[in-house]
There are 2 protein chains.
Amino acid sequence: MAVTVELLKRFPMLQSLSEQELEQLAQQSSIKSVSRRAVVINGGVASDYLCFLFEGRLQGVDFTLDGREVGLYFVEPGDFCGELGLYDKQGQPESVIALSKSQIILMPVSAVRTAIQGSHQMVESLFTRMATRVRKLSAQRALLGLSSTVARVCGQLWMMLEEQDSLNRREGVIAYPPTHQELGIMLNLSRETVTRVFQTLQTQEVVKRDGTTRLLVLDEKSLRALFEAGDG
Amino acid sequence: MAVTVELLKRFPMLQSLSEQELEQLAQQSSIKSVSRRAVVINGGVASDYLCFLFEGRLQGVDFTLDGREVGLYFVEPGDFCGELGLYDKQGQPESVIALSKSQIILMPVSAVRTAIQGSHQMVESLFTRMATRVRKLSAQRALLGLSSTVARVCGQLWMMLEEQDSLNRREGVIAYPPTHQELGIMLNLSRETVTRVFQTLQTQEVVKRDGTTRLLVLDEKSLRALFEAGDG
DNA sequence: GAAAACGTGTGACTGTGGTCACTTCACTTC
DNA sequence: GAAGTGAAGTGACCACAGTCACACGTTTTC
């Protein structure tokens with residue numbers, strides 16, 4: 001199936017490109033439909049394509065040595081992924097899989113590189129994006145350095161809260177929170193320990209579950225305090 | 001003191017710039033002499049300058065909640081730092097301090113941004129640099145996810161070995177290894193635990209100390225095996 | 001509407017790594 | 001060479017988080 005210029009215009013990252021440049025990109029790109037749980041980008045392997053999503057939902061995941069997977073971030077329609085190996089042929093450490101049936105655009109890195117040459121806007125966007133990623137990874141590393149288990153969990157919850165869209169952020173809602181198991185893997189804790197921490201937080205009325213899909217942060221201040229108490 | 005074009009030519013990152021562009025950069029930059037332990041870049045604070053080093057040695061450090069510092073990377077002459085906040089005004093999470101009396105060039109981000117517009121080479125270099133950083137942070141995160149303490153230590157040693165210059169790499173030498181204390185902070189272990197792991201590794205003749213400044217990896221294979229055994 | 005699958009809650013037990021309180025060693029600096 | 005300093009080594013103790021085992025509740029699937 002052919003990629004149209006109109007379709008590419010939907011992506012904020014490509015907004016600064018001229019009609020002509022978009023046409024170039026469109027011609028070299030292709031659309032692909034992937035089913036649920038399909039691997040879109042293979043972790044650790046160099047890929048020749050950037051992957052733009054216009055329908056469905058993707059997730060960046062890493063695998064532990066014993067084969068379990070850790071959710072790292074989501075890719076929503078209008079966003080893209082796979083930019084890490086844009087200039088060095090090394091790919092990215094984590095894999096990206098489809099959470100539901102999705103429509104993606106595969107855009108050759110060579111074409112993207114050409115486009116970047118014409119648009120300094122794109123350089124800025126990409127650079128800022130990478131910088132954000134470095135900061136996030138850095139924060140995550142700092143989190144794992146905390147010795148207290150409650151601090152680690154609270155820190156993670158805090159980070160997730162900050163990443164919510166503005167409405168959820170204001171109301172203290174974490175949408176689609178990870179399971180205790182997943183949190184455990186991210187924070188280097190056992191599933192049971194996470195459950196126990198949550199029990200504490202719930203009896204202290206710091207957080208509250210709202211069905212499977214939402215986690216309410218009732219007391220943002222305490223959450224932050226517990227996180228910043230850190231050691232001990 | 002004035003910055004000359006000749007001086008800027010020493011830096012690989014600026015190699016692709018024309019005489020004229022270098023002249024522009026030189027005019028807007030300034031030289032600064034910093035003494036040992038001086039803070040060159042303040043962590044978490046936006047900085048208006050990139051910092052190019054041409055004499056001395058710098059180190060990126062992070063601080064734990066209880067005030068101890070963690071060494072993250074070194075900056076050697078010809079290299080630079082502080083590029084994370086080039087486009088977003090957010091600075092970088094870690095601080096950079098001088099390990100010895102050093103001479104640095106402060107280059108305003110605005111000037112660097114202008115230079116980048118003229119040189120696509122620089123875009124590539126910077127992007128690759130950031131990508132490497134993301135990969136390194138990712139690997140570090142994966143390491144902290146290991147439950148076995150020996151695996152964590154071996155993983156860290158392995159990463160440090162891979163970062164050595166080619167001569168040391170070949171001979172299995174880790175130059176200027178961090179202290180047990182520092183390793184402990186990086187790996188979320190106590191100083192004593194690191195010592196005990198090292199005792200094990202030394203009796204198994206996997207590693208060997210060579211004075212204070214060198215650590216010899218005698219059995220690279222075992223080191224890697226212990227690392228990859230991971231859990232358990 | 002079973003049956004299956006998955007996530008959560010909880011108790012009992014255990015082992016590992018943190019803490020503390022030393023000593024020993026290596027390297028500076030008088 | 002004595003004194004001082006910072007890192008490394010070591011044993012005893014014990015709390016905390018991991019493991020195991022099982023119950024419970026919800027959601028999916030046929």
Side-chain angles (χ1 to χ4, degrees), chain A residues 36-37 64-66 68-71 99-100 143-154 156-157 174 176-204 207-216 226 229-232, chain B residues 36-37 64-66 68-71 99-100 143-154 156-157 174 176-204 207-216 226 229-232:
Chain A
R36 192 175 125 77
R37 306 271 325 149
T64 55
L65 287 163
D66 50 353
R68 290 172 307 179
E69 70 184 46
V70 201
L99 288 177
S100 57
L143 235 149
L144 284 167
L146 301 177
S147 54
S148 149
T149 55
V150 267
R152 289 224 282 286
V153 173
C154 290
Q156 183 69 45
L157 290 177
I174 296 175
Y176 299 99
T179 65
H180 293 180
Q181 176 71 277
E182 289 176 317
L183 269 174
I185 298 173
M186 292 186 219
L187 298 171
N188 206 12
L189 296 171
S190 73
R191 202 259 314 157
E192 291 90 331
T193 301
V194 175
T195 299
R196 281 169 194 139
V197 170
F198 263 84
Q199 286 305 98
T200 318
L201 293 180
Q202 272 160 29
T203 56
Q204 287 179 9
V207 301
K208 186 170 183 290
R209 290 187 51 182
D210 181 15
T212 347
T213 56
R214 283 152 53 96
L215 183 72
L216 308 179
L226 284 167
D231 299 309
Chain B
R36 192 175 125 78
R37 305 268 331 147
T64 55
L65 286 163
D66 50 351
R68 289 172 305 180
E69 71 183 44
V70 201
L99 288 177
S100 57
L143 216 99
L144 284 167
L146 301 176
S147 53
S148 149
T149 54
V150 265
R152 289 223 284 284
V153 173
C154 290
Q156 182 69 45
L157 291 177
I174 297 175
Y176 298 99
T179 66
H180 292 181
Q181 177 70 275
E182 290 175 317
L183 268 175
I185 299 174
M186 292 187 217
L187 298 171
N188 206 13
L189 296 171
S190 72
R191 202 257 317 157
E192 292 89 332
T193 301
V194 176
T195 299
R196 288 189 248 262
V197 170
F198 264 85
Q199 286 305 97
T200 317
L201 294 180
Q202 271 159 28
T203 55
Q204 287 179 9
V207 300
K208 186 168 182 292
R209 291 186 53 182
D210 181 16
T212 346
T213 57
R214 283 153 54 98
L215 183 73
L216 307 179
L226 284 167
D231 300 308

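By convention in this document, chain letters (A, B, ...) are assigned in the order of the sequence lines, proteins followed by strands, and residues within each chain are numbered from 1.
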Using only modelled atom types and a 3.5 angstrom limit, is any donor from either the side chain of [X] or the base of [N] paired with an acceptor on the other?
X        : N      : value
B:Arg196 : C:dT19 : yes
A:Gln181 : C:dC6  : no
B:Arg191 : D:dG9  : yes

What is the distance, rounded to the nearest whole Å, between atom [atom1] of [X] and atom [atom2] of [N]?
X        : N      : atom1 : atom2 : value
A:Leu146 : D:dC16 : CG    : P     : 17 Å
B:Asn188 : C:dT16 : CG    : C1'   : 14 Å
A:Gln199 : D:dC16 : CD    : P     : 18 Å
B:Phe198 : C:dG17 : CZ    : P     : 16 Å
A:Gln202 : C:dT8  : CD    : C1'   : 10 Å
B:Leu183 : D:dA7  : CG    : P     : 13 Å
A:His180 : D:dG18 : NE2   : P     : 14 Å
B:Asp210 : C:dA26 : CG    : P     : 13 Å

Rounded distance (nearest 0.5 Å) linking atom CZ of B:Arg152 with atom CE of B:Met186: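 Separation between the atoms: 13.5 Å.
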What heavy-atom pair brings B:His180 and B:Thr195 nearest, and what distance separates the two atoms?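 Closest approach of B:His180 to B:Thr195, heavy atoms only: ND1-OG1, 3.0 Å.
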For A:Tyr176, run the side chain to side chain contact (heavy atoms under 4.5 Å, CB included) check against A:Leu99, A:Thr213, A:Thr212 and tell me which one passes.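 Exactly one pass, corresponding to A:Thr213.
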Contact class for A:Glu192 vs. all strands (heavy atom < 4.0 Å): base, sugar-phosphate, or nothing?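 The answer is base, as A:Glu192 lies within the cut-off (heavy atoms under 4.0 Å) of a base atom.
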What is the nucleic acid contact for A:Arg209, judged by heavy atoms within less than 4.0 Å: base, sugar-phosphate only, or nothing?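 If one applies the 4.0 Å heavy-atom cut-off, A:Arg209 turns out to touch the sugar-phosphate alone, with no base involved.
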Is there a side-chain contact between B:Leu157 and B:Leu215 (heavy atoms, below 4.5 Å)?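 With C-beta onward as the side chain, the pair touches.
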Evaluate the side-chain proximity of A:Leu201 to A:Leu226: yes if any heavy-atom separation is below 4.5 Å, no if none is.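 Sidechains of A:Leu201 and A:Leu226: in contact.
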Tell me which nucleotide among D:dA17, C:dC27, D:dA8 gets nearest to the side chain of B:Thr212.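 Ranking D:dA17, C:dC27, D:dA8 by closest atom to the B:Thr212 side chain puts C:dC27 first.
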Considering only side-chain heavy atoms of A:Thr179, which listed nucleotide, C:dT8, D:dG18, D:dG9, is closest?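 Selected nucleotide: C:dT8.
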Searching all strands shown, indicate the nucleotide that pairs with C:dC30 (Watson-Crick or G-U wobble; both distances under 3.5 Å).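 In the structure as shown, C:dC30 has D:dG1 as its Watson-Crick or wobble partner.
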Can a side chain N or O of B:Ser190 be found less than 4.0 Å away from OP1 or OP2 on C:dG18?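 The answer is yes; a side-chain N or O of B:Ser190 sits under 4.0 Å from OP1 or OP2.
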